[in-house]
Structure formats: C-alpha cells, structure tokens
Student: 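I am attaching a structure below and will ask some questions about it afterwards.
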Amino acid sequence: MDSCVKIINEWDIVAARQLGRNVAKELGFGTVDQARITTAISELARNIYLYAGQGQICIDKTEAGGKTGLCISSEDQGPGINDIRKVMEDGFSTSGGLGAGLPGVKRLMDEFSIDSTPGEGTSIKAIKWLR
Ligand SMILES: Nc1ncnc2c1ncn2[C@@H]1O[C@H](COP(=O)(O)OP(=O)(O)O)[C@@H](O)[C@H]1O
Ligand SMILES: [Mg+2]
C-alpha cells in the first residue's frame, strides 16, 4: 500500500492526489477526510513543483497506540525555507490556493512537522488519524 509519486510537472500533482485518495479510501476514511487529505497533498505537491522544482510525495499507512492513520511525506532538495515560523503564520501564503498553504495543511491534518534547511531542502510530514 505504501507508495510515492515523484513531483516533476503539474500532472504529478494530480497523480499524488489520486494516490492519496485511493489509500485514504482503502484505510476507511470518509469522503470529508478524503477531501482534507487530498487538499493537503495538493498544497504540498504544488509547493514542491513551484519552489523546489522537484521532489516526492509518499503516502503511507501508519499505526500508533492502537490507532491507524495516513501519513503524507513531502521531500525535496530545493532551496529550503528560511523562516519557518513566518510561513506558518496565517496570511503569509501568497498563491491563494484552496488549502491556504502550509498553515492550511496543518489545520486539515492531525499532526504536522516540518524540517527545512536553507540550501538543502524541505521535509514535511502530516498525519490524519482514523476515528
Ligand atoms: N518545498 C518548499 N521549498 C522551498 N520553499 C517553500 C516550500 N514550500 C513552501 N515554501 C515557501 O514557503 C512559502 C509559504 O508556502 P505556502 O504556505 O504553501 O504558501 P504559498 O505557496 O501560497 O506562498 C512559499 O511562498 C515559499 O516561499
Ligand atoms: Mg503553497
């Protein structure tokens, strides 16, 4: 079930969304959570495409403390983010996407972590738990 999509062009964003929706369905997420998950994937994949040029999105099943979840991992070796705290403030997002940028991804998912080093790249993980 675990798999990744390389993000190189805009079509790959669609493929990553489809992968996310399929895994979410298989895990038993309802349509509302499926929409939250695919919106989060779109935001992360679009950021890779726009700012890093290329990278990958992986969708994995995750389990902890008897709970099952879906984990989105976004990885790239792009320019990185200088001021993570600033980009996590609402209203910083510039492109006006449907998901409201990285703060939107954090809100749509249950867990969110970002690790970014200028000149090295960005790694983001976001988890949605089944309930
Ligand atoms: N993967 C990434 N690599 C480098 N910079 C990024 C990446 N993702 C986001 N950023 C930077 O963080 C900012 C905020 O991203 P985001 O919250 O998605 O808003 P938006 O894409 O609308 O500007 C972007 O404008 C960009 O400067
Ligand atoms: Mg964005």
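Just so we're clear, the structure is a prediction, and the values are computed from it rather than from any experiment. Atoms within a ligand are numbered from 1 in the order they appear, just like the ligands themselves. If you read the sequence from its start, that first residue is 1, and numbering goes on from there.
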Student: Less than 3.5 Å between some nitrogen or oxygen of Leu102 and one of ligand 1, yes or no?
Tutor: yes

Student: Closest by any non-hydrogen atom to atom 15 (O) of ligand 1: pick that one out of Thr122, Asn47, Leu50.
Tutor: Asn47

Student: What atoms of ligand 1 come within less than 4.0 Å of a heavy atom belonging to Gly80?
Tutor: 4 (C), 5 (N)

Student: For Trp129, which fellow cluster members are found when Ile, Leu, Val, Met, Phe, Trp and Tyr are connected by side-chain heavy-atom distances below 4.5 angstrom, either directly or through intermediates?
Tutor: Ile127

Student: A quick test of your reading: do over 12 heavy atoms of other residues, nucleotides or ligands sit less than 6.0 Å from CD of Glu111?
Tutor: yes

Student: If you measure from each non-hydrogen atom of Asp76 to ligand 1, which part falls under 4.0 Å: side chain, backbone, both or neither?
Tutor: side chain

Student: Side-chain contact test, heavy atoms from C-beta onward, threshold under 4.5 Å: evaluate it for Leu19 versus Ile57 and give yes or no.
Tutor: no

Student: Suppose we only count N/O/S atoms under 2.8 Å; would Tyr51 qualify as near the Mg ion (ligand 2)?
Tutor: no

Student: Could you tell me if the side chain of Ile13 sits less than 4.5 Å from the side chain of Val5, heavy atoms only?
Tutor: no

Student: With a 3.5 Å cut-off and sequence neighbours excluded, list the donor-acceptor pairs that the side chains of residues 29-36 form with protein atoms.
Tutor:
unit_1, atom_1, unit_2, atom_2, d
Asp33, OD1, Arg36, NH1, 2.7
Gln34, NE2, Phe29, O, 2.9

